[in-house]
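Data block below; observations after.
Chain A is the first sequence line, chain B the second, and so forth, proteins listed ahead of strands; every chain is numbered from 1.
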There are 2 protein chains.
Amino acid sequence: MPATAADPQLDAFAAAFDDFVRAAKRARARVEPDALLTTSQYDLLCPLLDAGDGAPLGLRELARAAGVSAPTATRMIDGLAARALVTRERSADDRRAVRIALTEDGAAAVHQQRARQHARRRALFDQLSPGERRAAARVLARLATAYERVEH
Amino acid sequence: MPATAADPQLDAFAAAFDDFVRAAKRARARVEPDALLTTSQYDLLCPLLDAGDGAPLGLRELARAAGVSAPTATRMIDGLAARALVTRERSADDRRAVRIALTEDGAAAVHQQRARQHARRRALFDQLSPGERRAAARVLARLATAYERVEH
DNA sequence: TATTGTTATACTCTATAACTATA
DNA sequence: TATAGTTATAGAGTATAACAATA
């Protein structure tokens, strides 16, 4: 029935991949409900925390890093500013630009989210034997580079 | 600075995990734009294809399998029915229930999506050496079970 | 009373196109 | 003309609460 010959190894790989994706999705759904930030908001604000100490960044910069369009970032920042998690000010040197910075509450929220993510990673890690840990790190890194080489 | 002692192995695992997630997200973004179905729609309709040959299922059944609420499934089915990818009929035996079935176009759309997913998996698989393929299948399966055991 | 599904409502995420203001 | 950002518009996905119809 299939157009291509069956490949048991590929089938095993695909099945494992599916199981992994589904398990990760369920795990995320279990944790997300009471988080202060959605995943998208976390991705958008992360560069501000990494820039450190209230250092502001431009909207375009945040949008590009998070992989969203500028209007999407504007909308998201609207909501986050309304919750007083970020400030948005017109830049003095270039009056077209805005300078977006984390408030204390905003930095705390991003920190909290990061800590949760670390805790989840650690809980997963803790389930593995030492050999499995090494294998997992190697495989995930390898898959990441493989993805980048697939029909760019 | 960190509250817990540094663990280079955990750090390597977490970094590899992050890289993997980001690479997967980028790959998905590259492929999705011209697909007939979104990922959510595909997840909702998959059980209908698996049930086979126009066999109808109830709305609640589809919602539960896809992990969404009943109103969400109703909305999604509204859109899919408007595009003539599914039919929705009141059941004769239980007049509360609706029977949702794929049309020919709907089945073709789900098939197409599945074929694309397989092609992407295969392309990734093809990047790996035989040893890496075995290791990847083993690790992904292991991580899936580990997820299920994390603070249920 | 319990179940199936829909409507009402509300919010987030997402994009493209058109616009403003500044450089 | 080019760049930074916003507004307008549109649509998907998501949920909870309230409802209708049927069992």
Any donor-acceptor N/O pair under 3.5 Å between C/dG5 base and B/Arg60 side chain: yes

When only distance counts, do a donor and an acceptor, one from the side chain of B/Arg64 and one from the base of C/dT3, lie under 3.5 Å apart? no

Given [options], the nucleotide with the shortest approach to the side chain of [X]:
X       : options               : answer
B/Pro71 : D/dG5, D/dA17, D/dT14 : D/dA17
B/Arg88 : C/dT6, D/dT6, C/dT14  : C/dT6
B/Gln41 : D/dG13, D/dT6, D/dA15 : D/dG13

Decide yes or no on salt bridge (charged side-chain N to carboxylate O under 4.0 Å, His left out) for A/Asp93 and A/Arg99, but give the supporting numbers first. CA-CA 11 Å; A/Asp93 6 327; A/Arg99 297 167 76 63; 5.3 Å; no

Less than 4.0 angstrom from a charged side-chain N to a carboxylate O is my criterion; do A/Asp18 and B/Arg121 meet it?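 B/Arg121 and A/Asp18: salt-bridged.
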
Salt-bridge test for A/Arg22 and B/Asp43: reply yes if a basic N is under 4.0 Å from a carboxylate O, no otherwise. no

Using whole Å, report how far [atom1] of [X] lies from [atom2] of [N].
X       : N      : atom1 : atom2 : result
A/Leu37 : C/dC11 : CG    : P     : 18 Å
A/Asp34 : D/dA15 : CG    : C1'   : 15 Å
A/Arg28 : D/dG13 : CZ    : C1'   : 14 Å
A/Ile77 : C/dC13 : CD1   : P     : 11 Å
B/Leu44 : D/dA12 : CG    : P     : 14 Å
A/Leu85 : C/dT12 : CG    : P     : 12 Å
A/Leu62 : C/dT14 : CG    : P     : 14 Å
A/Arg90 : D/dT3  : CZ    : C1'   : 12 Å

Contact nearer the 5' end of DNA chain C, comparing A/Asp94 with A/Thr38: A/Thr38

Would you check if B/Asp7 and B/Phe13 make a side-chain contact, meaning some heavy-atom pair closer than 4.5 Å?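 With C-beta onward as the side chain, the pair stays apart.
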
Do other residues, nucleotides or ligands put more than 12 heavy atoms under 6.0 Å from A/Arg95 CZ? no

Below 4.0 angstrom from OP1 or OP2 of D/dG5, is there any side-chain N or O of A/Thr74? no

On the nucleotide D/dG11, are OP1 or OP2 found under 4.0 Å from the side-chain N or O atoms that B/Arg75 carries?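 No, because none of the side-chain N or O atoms of B/Arg75 sits under 4.0 Å from OP1 or OP2 of D/dG11.
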
Given the ring of A/Tyr42, does A/Arg114 sit roughly above its face, with NZ or CZ under 6.0 Å from the centre of the six-membered ring and within 45° of the axis?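 No.
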
How is [X] classified with respect to the nucleic acid when contacts are heavy atoms under 4.0 Å: base, sugar-phosphate, or nothing?
X       : value
A/Gly79 : nothing
B/Ser69 : base
A/Asp93 : sugar-phosphate
B/Arg95 : sugar-phosphate
A/Arg99 : nothing

How do B/Thr72 and A/Asp78 order along DNA chain D: which one's closest nucleotide is nearer the 5' end?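 Of the two residues, A/Asp78 wins.
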
First of B/Arg83 and A/Arg96 reached from the 5' end of DNA chain D, by closest nucleotide: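 In this pair, the answer is A/Arg96.
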
